[in-house]
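Written out below as structure tokens is the structure these notes cover.
Sequential numbering from 1 along the given sequence is applied to the chain's residues. Whatever order the structure lists them in is the order used to number ligands and atoms, beginning at 1.
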Amino acid sequence: MFDTLSEKLDAVFTKLRGRGKLSELDVREALREVRLVLLEADVNFRVVKEFVAAVTERAVGQEVLKSLTPAQQVIKIVRDELGRLMGEGEENSLQLAGRPPVVVMLCGLQGAGKTTTCGKLALKLRRDKRNPLLVPADVYRPAAIEQLKTLGRQIDIDVYASAADQDPVAICRDAQQYAERNGYDTLILDTAGRLHIDDELMAELERIKAALVPNEILFVADAMTGQDAVNVAQSFNERLELSG
Ligand SMILES: Nc1nc2c(ncn2[C@@H]2O[C@H](COP(=O)(O)OP(=O)(O)OP(=O)(O)O)[C@@H](O)[C@H]2O)c(=O)[nH]1
Ligand SMILES: [Mg+2]
């Protein structure tokens with residue numbers, strides 16, 4: 001997906017470079033093409049609108065157009081703003097300060113990659129010299145708990161022993177006490193997936209949040225979801241105030 005996106009952007013840039021002097025109209029035309037490329041790549045239209053507005057504001061200024069290399073400048077602005085859009089330079093490490101065990105909660109739609117991300121996160125934390133405990137809190141999908149246990153065995157990270165007949169909030173609470181007693185400093189909660197925004201499950205996530213007060217609530221999305229990811233993330237954010 002990103003390959004064709006960057007190829008298409010390159011094509012727009014090449015056309016721009018082919019000109020000597022640039023008029024405001026040239027720049028606006030090029031940005032219109034950038035806008036189309038992003039929309040074709042299924043980037044959310046509001047995100048595209050804000051992006052193009054930000055670039056236009058910077059790119060049609062007198063300084064850029066009068067410079068010796070206006071095309072280069074415009075391209076640089078587009079690249080800068082794309083980087084910003086992707087979160088470049090933002091603090092992206094987890095906030096894990098506080099009295100251990102601190103809690104990281106993962107949530108997202110069914111099959112988004114929550115369980116896989118739990119495993120990756122646990123490995124990262126271990127590299128950072130932390131001692132994480134994975135907590136299976138999905139009691140709905142058959143074999144979900146077993147999946148996390150298997151993953152834990154593969155990467156040699158401990159998994160809290162929960163059972164599918166338990167209440168997810170109780171599992172998380174018990175796991176927190178267990179972690180405290182056994183020297184784990186970080187709980188990673190693998191919560192249940194949902195096909196779409198579902199009030200009942202969302203309420204359950206709210207209860208887990210209230211009971212454990214996670215340091216981080218991370219939303220996991222499938223990179224192929226396209227622009228609907230923004231809407232889904234927003235719905236989760238409204239209920240849970242996501243941290244990442
Ligand atoms: N290509 C690719 N596949 C992934 C990635 N992360 C997860 N998957 C695959 O996506 C599928 C679903 O991943 P899970 O981690 O089980 O997703 P989940 O959100 O826990 O799913 P539920 O528990 O059913 O809601 C699995 O087949 C994973 O192997 C990724 O980063 N890249
Ligand atoms: Mg899962």
Side-chain angles (χ1 to χ4, degrees), residues 1-6 41-43 86-87 92-94 103-127 132-176 179 186-209 211-212 214 216-240 242-244:
M1 183 171 85
F2 287 118
D3 273 353
T4 55
L5 179 60
S6 68
D42 206 18
V43 179
M86 300 300 196
N92 59 4
S93 56
L94 296 175
V103 178
V104 179
M105 170 171 167
L106 278 81
C107 59
L109 294 182
Q110 205 161 80
K114 291 177 297 298
T115 304
T116 310
T117 307
C118 282
K120 291 181 188 171
L121 198 57
L123 285 176
K124 181 195 175 322
L125 292 179
R126 184 167 63 193
R127 274 200 306 274
L133 176 68
L134 290 166
V135 183
D138 178 357
V139 296
Y140 306 100
R141 186 167 62 77
I145 294 179
E146 203 45 51
Q147 184 192 356
L148 191 65
K149 284 183 182 160
T150 306
L151 181 66
R153 264 198 303 278
Q154 283 167 357
I155 60 179
D156 194 26
I157 298 267
D158 292 344
V159 179
Y160 182 69
S162 58
D165 59 357
Q166 288 174 286
D167 169 52
V169 183
I171 291 176
C172 293
R173 262 208 213 100
D174 293 351
Q176 193 172 32
T186 318
L187 289 181
I188 302 175
L189 309 183
D190 182 24
T191 65
R194 50 225 65 214
L195 282 175
H196 46 83
I197 304 300
D198 167 316
D199 204 54
E200 201 174 318
L201 278 166
M202 204 63 93
E204 176 181 298
L205 292 180
E206 282 176 328
R207 278 187 287 129
I208 295 178
K209 177 186 172 182
L212 276 85
E216 295 273 359
I217 302 180
L218 306 179
F219 173 71
V220 181
D222 185 328
M224 297 308 284
T225 315
Q227 60 167 308
D228 198 41
V230 175
N231 302 326
V232 176
Q234 249 165 16
S235 309
F236 272 85
N237 193 34
E238 276 161 24
R239 298 290 291 262
L240 297 165
L242 302 171
S243 61

Quiz item: Around the Mg ion (ligand 2), how many protein N, O or S atoms are there at under 2.8 Å?
Solution: 1
Quiz item: Below 4.0 Å from any atom of ligand 1, is there a heavy atom belonging to Gly111?
Solution: yes
Practice problem: Starting at OG1 of Thr115, measure out to CD1 of Ile188 and round the result to the nearest 0.5 Å. | Solution: 11.5 Å
Exercise. Give the residue and atom name of whichever protein heavy atom lies nearest to atom 15 (O) of ligand 1, and the separation in Å to one decimal.
Key: Thr116 OG1, 2.5 Å
Self-check item: Test applied, side-chain contact (heavy atoms from CB on, under 4.5 Å); reference residue, Lys114; option that passes from Leu148, Leu189, Leu109, Val220
Solution: Val220
Quiz prompt | Thr117 N/O under 3.5 Å from ligand 1 N/O | solution = no
Quiz item: So how far is it from Leu5 CG to Asp42 CG, rounded to the nearest 0.5 Å?
Solution: 11.5 Å
Exercise. Kindly indicate, with the supporting measurements, whether the criterion side-chain contact (heavy atoms from CB on, under 4.5 Å) is fulfilled by Tyr160 and Leu134.
Key: CA-CA 6 Å; Tyr160 182 69; Leu134 290 166; over 6 Å; no
Quiz item: What are the atoms of ligand 1, with element, lying closer than 4.0 Å to any heavy atom of Gln147?
Solution: 16 (O)
Quiz prompt | Backbone of Ala163 reached by a side-chain donor or acceptor of Gln166 within 3.5 Å | solution = yes
Quiz prompt | Polar side chain donor-acceptor pair, Glu204 to Tyr140, under 3.5 angstrom | solution = yes
Quiz item: Ignoring hydrogens and geometry, is there a side-chain-to-backbone donor-acceptor pair from Lys209 to Leu240 under 3.5 Å?
Solution: yes
Quiz item: Does atom 6 (N) of ligand 1 have any protein heavy atom closer than 4.0 Å?
Solution: yes
Quiz item: Taking the non-hydrogen atoms of Ala112, is any one of them nearer than 4.0 angstrom to ligand 1?
Solution: yes
Quiz item: Has ligand 1 got any nitrogen or oxygen that is less than 3.5 angstrom from a nitrogen or oxygen of Thr115?
Solution: yes
Quiz item: Hey, is the main chain of Leu205 close enough, under 3.5 Å, to the side chain of Arg239 for a donor-acceptor pair?
Solution: no
Quiz item: Can you check whether a protein heavy atom sits less than 4.0 angstrom from atom 31 (O) of ligand 1?
Solution: yes
Quiz item: Which residue and non-hydrogen atom of the protein lie closest to atom 23 (O) of ligand 1, and at what distance in Å?
Solution: Arg141 NH2, 3.3 Å
Quiz item: In ligand 1, which numbered atoms sit nearer than 4.0 Å to a non-hydrogen atom of Gly193?
Solution: 25 (O)
Quiz item: Run the side-chain contact (heavy atoms from CB on, under 4.5 Å) check on Leu218 and Met105 step by step: do they pass?
Solution: CA-CA 6 Å; Leu218 306 179; Met105 170 171 167; over 6 Å; no
Exercise. Measure from the side-chain N and O atoms of Arg194 to the backbone N and O of Leu201, and report whether any donor-acceptor pair falls under 3.5 Å.
Key: yes
Self-check item: Protein contact of atom 18 (P) of ligand 1 - nearest heavy atom, named by residue and atom, plus distance
Solution: Lys114 N, 3.4 Å
Quiz item: Distance-only, no hydrogens or angles: does the Thr191 side chain make a donor-acceptor pair with backbone N or O of Leu106 under 3.5 Å?
Solution: yes
Quiz item: Can you tell which part of Lys120 has a heavy atom less than 4.0 Å from ligand 1: side chain, backbone, both or neither?
Solution: side chain
Exercise. Using distance alone, determine whether Gln110 and ligand 1 share an N or O pair under 3.5 Å.
Key: no
Quiz item: Does atom 3 (N) of ligand 1 have a protein non-hydrogen atom under 4.0 Å from it?
Solution: no
Quiz prompt | Side-chain donor/acceptor of Asn237 to backbone N/O of Leu242, under 3.5 Å | solution = yes
Quiz item: ligand 1 and Gly113, any nitrogen or oxygen pair closer than 3.5 angstrom?
Solution: yes
Quiz prompt | Donor-acceptor pair between Arg141 and Gln147 side chains, under 3.5 angstrom | solution = yes
